[in-house]
Amino acid sequence: HAHFVPPEILEDIRARGSEYGVDLLEIEPGCHCCKFEYGLQIRPFFESILSVDRRLETMDENGIDRELLSVWADIFGYGLPAAKGAEWHRVLNDSLARVAESRPDRFSWMCSGPLQDASLAASELERCKGAGAIGTMVAASVAGENLGDCDLDEFWAACQSLNMPVFIHPAQPVSEGRARNFGINQVIGYTTDSAYAIGSLILSGV
């Protein structure tokens, strides 16, 4: 499993990000991050998440034959209005599909969808299945709500009928207070985020 953000996504944001509520900010020369219209600003993109050549080089150095690519969960933008979210995930998925298609010997990919609207997310899942996605990745929460507390039955049903594995990924883009040092957010915060999600799915009957 490996996150990847095709650089063309950044170019798309520059060209028409206002159409789907995403802005690209330059924090310092050559260092960019996303800001969504509902106020969320994520941490900056880093080099290894943006470069295909760097990715392949690192894979070779570590003896990795194939990576299963997914877009960075931090930029799923579940707080966007549903229609804008659907267009944003179409951009993400189409870009990721092109990367995988360019090196089918090294990459497979998992799609994402606008979980703020289960019907739109199900439609995007079906579209991506046809485009070659082998599964889907979702964040562990949607706009601060556990997955099991969200009305996502139509999406889960689509996952089942399409036989698409679901990768639940923690997403806490902003570390606060006690989680700011020593990678505690990744080691403990991410694990806790996943536990909340899985617990809610089990106990809600999903």
Side-chain angles (χ1 to χ4, degrees), residues 1-6 9 20-22 34 36 38 40 42-43 45 49 67-97 99-100 107-175 185-186 189-206:
H1 135 63
H3 294 308
F4 191 74
V5 178
I9 289 175
Y20 42 79
V22 185
C34 279
F36 295 91
Y38 57 93
L40 177 65
I42 68 157
R43 52 191 162 143
F45 296 108
I49 208 171
E67 281 190 346
L68 177 52
L69 301 179
S70 58
V71 175
W72 204 14
D74 286 10
I75 63 172
F76 279 176
Y78 290 153
L80 291 170
K84 290 184 176 182
E87 179 59 23
W88 173 232
H89 282 274
R90 178 179 286 268
V91 170
L92 298 178
N93 291 324
D94 288 352
S95 299
L96 199 61
V99 171
F107 299 131
S108 298
W109 66 289
M110 300 187 86
C111 64
S112 60
L115 290 194
Q116 55 268 59
D117 186 297
S119 179
L120 291 176
S123 295
E124 181 65 4
L125 184 74
E126 184 173 6
R127 188 184 76 87
C128 290
K129 170 86 171 186
I134 65 170
T136 185
M137 188 173 84
V138 301
S141 62
V142 178
E145 295 292 328
N146 289 322
L147 289 177
D149 298 327
C150 298
D151 184 12
L152 295 174
D153 283 357
E154 187 172 350
F155 174 73
W156 300 130
C159 294
Q160 183 172 338
S161 65
L162 294 168
N163 195 30
M164 290 284 268
V166 181
F167 177 14
I168 298 172
H169 197 289
Q172 291 180 319
V174 180
S175 301
N185 193 45
Q186 286 74 26
Y190 277 26
T191 307
T192 302
D193 196 34
S194 298
Y196 279 133
I198 299 302
S200 73
L201 291 170
I202 293 170
L203 297 171
S204 66
V206 174

side-chain contact (heavy atoms from CB on, under 4.5 Å), that's the test. Do Ser112 and Val138 meet it? Break it down for me. CA-CA 6 Å; Ser112 60; Val138 301; over 6 Å; no
Using a 3.5 Å distance criterion without hydrogens, assess whether the side chain of Ser204 forms a donor-acceptor pair with backbone atoms of Asp149. no
Should the ring pair Phe76 and Tyr78 be called parallel, tilted or perpendicular, given that the plane angle runs from 0 to 90° and is split at 30 and 60? tilted
Side chain proximity check, Val142 to Leu147, heavy atoms < 4.5 angstrom: yes
Between Phe45 and Trp72, is the ring centre distance below 6.0 Å? yes
Test Arg127 against Glu124 for salt bridge (Lys or Arg N to Asp or Glu O under 4.0 Å), laying out the working first. CA-CA 5 Å; Arg127 188 184 76 87; Glu124 181 65 4; 2.8 Å; yes
Hey, can you tell me if Phe4 and Phe107 have their rings parallel, tilted or perpendicular (30° and 60° cut-offs)? parallel
Interatomic spacing from SG in Cys128 to CD1 in Ile134 - rounded to 0.5 Å: 12.5 Å
Okay, side chain of Lys129, backbone of Leu162: is any donor-acceptor separation there less than 3.5 Å? yes
So, the side chain of Trp109 versus the backbone of Asn93: is there a donor-acceptor pair under 3.5 Å, distance only? no
One thing to verify: whether Glu87 and Lys84 come together as a salt bridge, which I'm taking to mean a side-chain N less than 4.0 angstrom from a carboxylate O. no
Using every non-hydrogen atom in the two residues, find where Ala118 and Glu154 come nearest and quote the distance to one decimal. CB-CB, 4.2 Å
Can you measure from CG (Asn146) to OH (Tyr196) and round to the nearest 0.5 angstrom? 8.0 Å
Partners of Phe155 by ring pair (Phe, Tyr, Trp, His ring centres under 6.0 Å), sequence neighbours excluded? none
Run the side-chain contact (heavy atoms from CB on, under 4.5 Å) test on Ile75 and Val71 for me, step by step, so that the C-alpha distance in whole Å, both residues' side-chain angles and the decisive distance to 0.1 Å come before the verdict. CA-CA 8 Å; Ile75 63 172; Val71 175; 3.5 Å; yes
Distance check, rounded to the nearest 0.5 Å: Ser119 atom OG versus Asp151 atom CG? 11.0 Å
Taking the side chain from Asp117 and the backbone from Ala82, do they hold a donor-acceptor pair closer than 3.5 Å? no
